[in-house]
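Each remark here refers to the structure printed beneath this line.
Basis for what follows: all heavy atoms, side chains included, without hydrogens, waters or symmetry-related copies. Every chain is numbered from 1, with letters handed out A, B, ... down the list of sequences.
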Number of protein chains: 2
Amino acid sequence: MMTHNTTAEDMIRHHGGRATVGRIGILAILLAEQHAITHREIEQQLSETLPLDRVTLYRTLEWLVEKNLIHKVSSGDRVWRYHVNREMHTHQHAHFKCTRCAQVICLDDLPEKRNWQLPTGYRLQEIELTFKGLCAACC
Amino acid sequence: MMTHNTTAEDMIRHHGGRATVGRIGILAILLAEQHAITHREIEQQLSETLPLDRVTLYRTLEWLVEKNLIHKVSSGDRVWRYHVNREMHTHQHAHFKCTRCAQVICLDDLPEKRNWQLPTGYRLQEIELTFKGLCAACC
DNA sequence: ACAATAATTGCAACATTGTTGCATTTGATA
DNA sequence: TATCAAATGCAACAATGTTGCAATTATTGT
């Protein structure tokens, strides 16, 4: 956790933001996490050590996304999940969501854009691909 | 619209449900629609001709999805969109969402399931694929 | 170390989307 | 046409997210 805190602080300073307790704590939680987690889950983890206003959490997550330090995943249940941008996440990738435990993990690749034919006049910007099923623990 | 109303009524009766004014009206709206539309958009169309309680609309849409007469699309903005199940929609398919006007359309295919390697122990049930970009009107 | 200042935070209030319980109304059927 | 389960409307609630504004805090220059 110590390591994550210092890593988090470094990441934040490198992007010209103030290294506040909240930002560091939130980013550290995401750094420690394997999976994409929800606002709610982050809030629960924070409440144990560093109670923070709901609104501040929303705004901080927004800021971290803007600065490209984390990314948002939309997994079909109207709830955003957040995950640190490690190297593999700088390019687009797919996600897997377990239909039993709702856990989300990041996968490696996306299909080639050029293999997909859109109606004429349409311009493709981004692909969002989510696999759903059972994870190893829930199978 | 006459045609859509009778079609809607037929579809509902074939599935052993009561052909109520609300169900017929809602399904007729969806039959007339090219794109997947939101609860809100349906509500607005209804308000002009057939004011219906918000809750009834939610429950009717749920019922139509259960009966497989329509399907739900989740397009990353926490809002469900609904679209009639025409033949091509009985199997899974992808969607396109315009990032400017938020309109959603249905595309034809999905990538082959077997081309995708999940971590061991994971079981794939469903693929959700959304393309984002600009539609012809917004380009 | 300290004051100044701009960025960040907390609070209260609101907005949107969706759900639940229960009494009332309505469509299908005998 | 009477009956009765199914469908609806209403009120209240829940979850997630947003906005305005005053108070606090991190950084910077001295």
With 3.5 Å as the limit, what N/O pairs link the protein to nucleotides 27-30 of chain C?
| unit_1 | atom_1 | unit_2 | atom_2 | d |
| --- | --- | --- | --- | --- |
| C/dG27 | N2 | B/Arg18 | NH2 | 3.3 |
| C/dA28 | OP1 | B/Arg13 | NH1 | 2.9 |
| C/dA28 | OP1 | B/Ala19 | N | 3.1 |

Between which nucleotides of DNA chain D, read 5' to 3', does contact with chain B run, using atoms under 4.0 Å from its heavy atoms?
D/dA5 to D/dG17
Set of side-chain hydrogen bond (donor to acceptor under 3.5 Å, both in side chains) partners for A/Lys67, sequence neighbours left out:
none
Please name all residues satisfying ring pair (Phe, Tyr, Trp, His ring centres under 6.0 Å) with A/Tyr82, sequence neighbours left out, ordered by chain then number.
none
Residue set satisfying side-chain hydrogen bond (donor to acceptor under 3.5 Å, both in side chains) with B/His35, at least two apart, ordered chain then number -> B/Gln103
If we fit an axis to the first five pairs and another to the last five of the helix from C/dA1-D/dT30 to C/dA30-D/dT1, what angle do they make, to the nearest 10°?
30°
Quick test of your reading: applying salt bridge (Lys or Arg N to Asp or Glu O under 4.0 Å), list the pairs with at least one residue in residues 130-139 of chain A, sequence neighbours left out, ordered by first then second residue.
A/Lys132-B/Glu128
Output all residues satisfying side-chain hydrogen bond (donor to acceptor under 3.5 Å, both in side chains) with B/Thr56, sequence neighbours left out; order by chain, then residue number.
none
Salt bridge (Lys or Arg N to Asp or Glu O under 4.0 Å) pairs touching residues 29-40 of chain B, sequence neighbours excluded, are none
Does a side-chain N or O of B/Trp80 approach OP1 or OP2 of C/dT17 to a distance below 4.0 Å, or not?
no
Sequence-distant partners of A/Glu66, side-chain hydrogen bond (donor to acceptor under 3.5 Å, both in side chains), two or more places apart
none
For DNA chain D, which residues in residues 42-54 of chain A have a heavy atom at a distance below 4.0 Å?
A/Arg54
Pairs where residues 92-101 of chain A contributes a residue and the test salt bridge (Lys or Arg N to Asp or Glu O under 4.0 Å) is met, not counting sequence neighbours
A/Asp77-A/Lys97
